[in-house]
There are 2 protein chains.
Amino acid sequence: MGLAKTEMFTDQQNEISLFAKVFGHPARVAILQHLFKINSCVCGDLVNEIGLAQPTISQHLKELKHLGLIKGNVEGTSVCYCIHKENWTTMKNIMSDFLNQDLIEKQNCC
Amino acid sequence: MGLAKTEMFTDQQNEISLFAKVFGHPARVAILQHLFKINSCVCGDLVNEIGLAQPTISQHLKELKHLGLIKGNVEGTSVCYCIHKENWTTMKNIMSDFLNQDLIEKQNCC
DNA sequence: TTAATACATTGCAATATTACGATTAATATT
DNA sequence: AATATTAATCGTAATATTGCAATGTATTAA
């Protein structure tokens, strides 16, 4: 198989897992952290910054863009990337709801 | 390839991606949400609850346990699972730091 | 002891992911 | 126009993930 049976889960569960999946590779984490650190648009130097080959970085950027977490603007021959702030906030709220579920003391055995 | 080049990333980046990866499947999200909802140990009914075959659930539980996010206690013929609260809090702090990076207004082009 | 129950493990098929060389597409420069 | 630059896309190899049938293991019940 290798494919998740998404139809048996809620939209919320599928959405959480899609966001999580995109953070499930250190290169994409590194790209996002760099975009936050620079806090402006990064044109081109992500390949040097991260250290993977250009097609690989391009593929990771595509996934981040597809989920709406970054924006890309063509600027001459290069492309400028930055965090999509509104979508990042939306994602953050969804993930935070999941992570911040109540840990009330009431356990029986563990 | 199919394997991440973890050696070129920081420990923090690799840790974030490992936690995210385990949330990158809706079945594991559903299992965790169920454990939170019950808010005590769940003995046995996870297979009925989630709807995947027993070996599949067992495999997902193994991954969650391996990362330390759940605990499993043998209770007779069944095994009781619950959230590992301390580890969950640690994970939550790591993920929150990543998700809550500052979104200061200063963008050039995007 | 035997049978039943609950869960783990093994083995395998189908699909997904990661990485990159080669190529293509688009714009800039000369 | 010809060339250079930058990034996307294609194609492919290596590896990982998902799912489950079959089987194994441990505990309980009869």
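No experiment lies behind these values; they were computed from the predicted model shown. Lettering follows sequence order; numbering is per chain, from 1.
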Integer-rounded Å distance: [N] [atom2] and [X] [atom1]:
X	N	atom1	atom2	answer
B:Leu64	C:dC7	CG	C1'	16 Å
A:Phe23	C:dT17	CZ	P	16 Å
B:Ile70	C:dC7	CD1	C1'	13 Å
B:Ile57	D:dA21	CD1	P	13 Å
A:His25	D:dA16	NE2	C1'	11 Å
A:Asp45	D:dT6	CG	P	11 Å
A:Met8	D:dT18	CE	P	15 Å
B:Leu61	D:dT17	CG	C1'	16 Å

Contact class for A:Lys21 (heavy atom, under 4.0 Å): base, sugar-phosphate, or nothing? sugar-phosphate
Using a cut-off of 4.0 Å on non-hydrogen atoms, how would the nucleic acid contact of B:Ser58 be classed: base, sugar-phosphate, or nothing? base
Pick the closest DNA chain C nucleotide for A:Val74 and for B:Lys5 by heavy atoms, then say which residue is nearer the 5' end. B:Lys5
[X] has a side chain; which of [options] sits nearest to it?
X	options	answer
B:His60	D:dA8, D:dG19, D:dT5	D:dG19
B:Tyr81	C:dA16, C:dA8, D:dA7	C:dA8
B:Pro55	D:dT18, D:dA22, D:dT6	D:dA22
B:Glu63	D:dT18, C:dA19, C:dA22	D:dT18
A:Lys62	C:dT9, D:dT9, D:dT18	D:dT9
B:Thr77	D:dT28, C:dA19, D:dC20	D:dT28
B:Leu52	D:dC20, D:dA8, C:dC20	D:dC20

Among A:Met91, A:His84, A:Glu63, which residue meets the side chain to side chain contact (heavy atoms under 4.5 Å, CB included) test with A:Leu69? A:Met91
Which base, if any, makes a Watson-Crick or G-U wobble pair with D:dG11, both distances under 3.5 Å?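 By the stated definition (distances under 3.5 Å), C:dC20 pairs with D:dG11.
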OP1 or OP2 of C:dC20 sitting under 4.0 Å from any side-chain N/O of A:Thr56? yes
Are any side-chain N or O atoms of B:Trp88 and backbone N or O atoms of A:Asn100, one a donor and one an acceptor, separated by less than 3.5 Å? no
Give a yes or no answer on whether the side chain of A:Ser96 reaches the backbone of A:Lys92 with a donor-acceptor pair at less than 3.5 Å.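 Here the side-chain-to-backbone pair exists.
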Side-chain donor/acceptor of A:Gln54 to base of D:dA8, under 3.5 Å: yes
Please lay out, stage by stage, how A:Ile16 and B:Gln33 fare under the test side chain to side chain contact (heavy atoms under 4.5 Å, CB included). CA-CA 11 Å; A:Ile16 290 170; B:Gln33 284 183 331; 4.0 Å; yes
Closest non-hydrogen atom pair between B:Met8 and A:Gly51, with its separation: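 Shortest heavy-atom contact: CE-O, 3.2 Å.
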Hey, which of these two, A:Ser78 or B:Ala53, hits DNA chain D nearer its 5' end, going by closest nucleotide?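 It is A:Ser78, whose closest nucleotide lies nearer the 5' terminus.
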Assign each of B:Arg28 and A:Val47 the nucleotide of DNA chain D bearing its closest heavy atom; nearer the 5' end lies the nucleotide of A:Val47
Assigning hydrophobic clusters by single linkage (Ile, Leu, Val, Met, Phe, Trp, Tyr; side-chain heavy-atom cutoff under 4.5 Å), is B:Val22 placed with A:Leu18? no
